[in-house]
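Nothing here was measured: the structure is a model prediction, and the numbers come from that model. Below, chain A is the first sequence line, B the second, and so on; all start at residue 1. We use all heavy atoms of the structure for the numbers below, so side chains are in, but hydrogens, waters and symmetry mates are not.
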Amino acid sequence: VADTSNAGNTSDAGPVEITDFKSPAERLGELGLPRTELSGITILPRGLFAASDKKDLVYEDSSWDVRAALRAEGFDVNVLIEPVRTIQENAFEWLLPALHVAKDAIETADGLKHLINGLRRIYSLARNRSGVKAPVRFKLLSEDRHGNTKRLTVDAQSATDIETLAETIIKVFNEIS
Amino acid sequence: MKSHRLSDGTLIMDYDTPEESLPHVLDLFKKLQRDVHFSIDEGLQRDMRSFLAGQIERAESARLGFRSQGRGPEANQSLGLKSLFSAIAAELDMVLSFKESRPHTAWGSLVEAQEEAAAAGRFWEALEETTVQYREHLDQVEAVMFPKQMFFSPAFVFDESDVECMLCARPYSECDHIAGEAYDGEVCRKKISRIKECPEISIVDEPSAKYRRGFNIGGTDPITGLPYGGSSQEES
């Protein structure tokens, strides 16, 4: 979701950049795939919004580690498109997959708590992979209570940035600007 | 708890659990770091290397023991200690290799030290603060002791169904293990049985594996500055 062609207004919440964004379900239709409304947490393939063809879609190698970290928090994590092709690159920076967080994943306090713990787990994993130098880039498509999508991007440098990301998810869900 | 003394007077303890040994291990690690410096006598450093080999062996033996008793957390902690001692042993190997005019071997040892240090922090969270500082030190060593290297980063595309978890033998995308993490004293690895494409090879500043570097850059050995294949190519 690095391209901005589908982006609307952008605003900042500290280190977190927030952008109005198209929903992945809508994008599936454009790629000629069955349009599925997403629930819970979904791992998105690289270049979902930039690919000209579904055959160009690949998942980050880190996707399954992210899935395991979120499963440990009780989430049943989905992937958007099957069969799954994965790309593994050997750059030092551990690239995280973009995640879609549907409103049903966070509408309860319990769900939110688990999501925050899951993000912490992912951050810790990424820090251990990428070492002490690189920030950890999170890309989330998060829904508000009406199902509108926002893109949240943060280059997390510390655990504090994860707390800020979590607060931003709550604000987005509650439509607090 | 039992104890014995090394020939140089260092007091070594035998603890019942890694947790119990932690303060002593961290103190010992600081002392060992002091003795890795280049100016320290080579004979003393060789003695220290033997001592470290013993510590690595003890940690491995503890890991196996805890595994056989079904004590997973202690087995992971022992693995963390093994990696911590392996890291500093590898740094010492780097110094000794330089003293023997084997700079390529020294590079390999430095990379091993960096990888073991990262692993130690993953296997036992209590070691993380120490290993983060130590990794920063090793990065500084790399920058001072070696010219900047050119690293290669190949990209591979594969079907997730062709990736297996080597701990539980299930498809990696379905199991809950994470590659590189320790579970009951064993490290999870994944096996990719078939690669479909290699769409690109990039040149990167910070690779995940520093072994993938250029050996011959415009006819020059980038470690020694000599023509590639020259007399100081101590390894093929």
Closest approach of B/Ile178 to A/Ala68 (non-hydrogen atoms, all atoms of both residues): CG1-CB, 3.6 Å
For B/Ala155 and A/Ile87, which heavy atoms make the closest approach, and how far apart are they?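 In this case the closest contact between B/Ala155 and A/Ile87 is CB-CD1, 4.1 Å.
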Run the side-chain contact (heavy atoms from CB on, under 4.5 Å) check on A/Trp64 and B/Glu160 step by step: do they pass? CA-CA 9 Å; A/Trp64 321 113; B/Glu160 204 48 39; 2.9 Å; yes
For chain A, which of B/Glu128, B/Glu200, B/Lys190 has the most heavy-atom pairs under 4.5 Å? B/Lys190
Out of B/Ala119, B/Ala179, B/Ser161, which one racks up the most heavy-atom pairs below 4.5 Å with chain A?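 Of the candidates given, the most pairs with chain A belong to B/Ala179.
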Could you tell me whether B/Glu197 and A/Arg85 have a side-chain N and a carboxylate O separated by less than 4.0 Å? yes
Main chain of B/Asp176, side chain of A/Arg71: is a donor-acceptor contact present, judged purely on distance under 3.5 Å? no
Let me confirm one number: the CG-OH distance from A/Asp61 to B/Tyr172, rounded to the nearest 0.5 Å. 7.5 Å
Neighbour count above 12 (heavy atom, 6.0 Å) for B/Ile195 CD1: yes
How about B/Glu125: does its CD atom have over 12 heavy atoms from other parts shown lying under 6.0 Å from it?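 No.
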Chain B contact via A/Val58 - which portion, at a heavy-atom distance below 4.5 Å: side chain
Contact origin within B/Ile192 toward chain A - heavy atom pairs under 4.5 Å: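 Interface part for B/Ile192: side chain.
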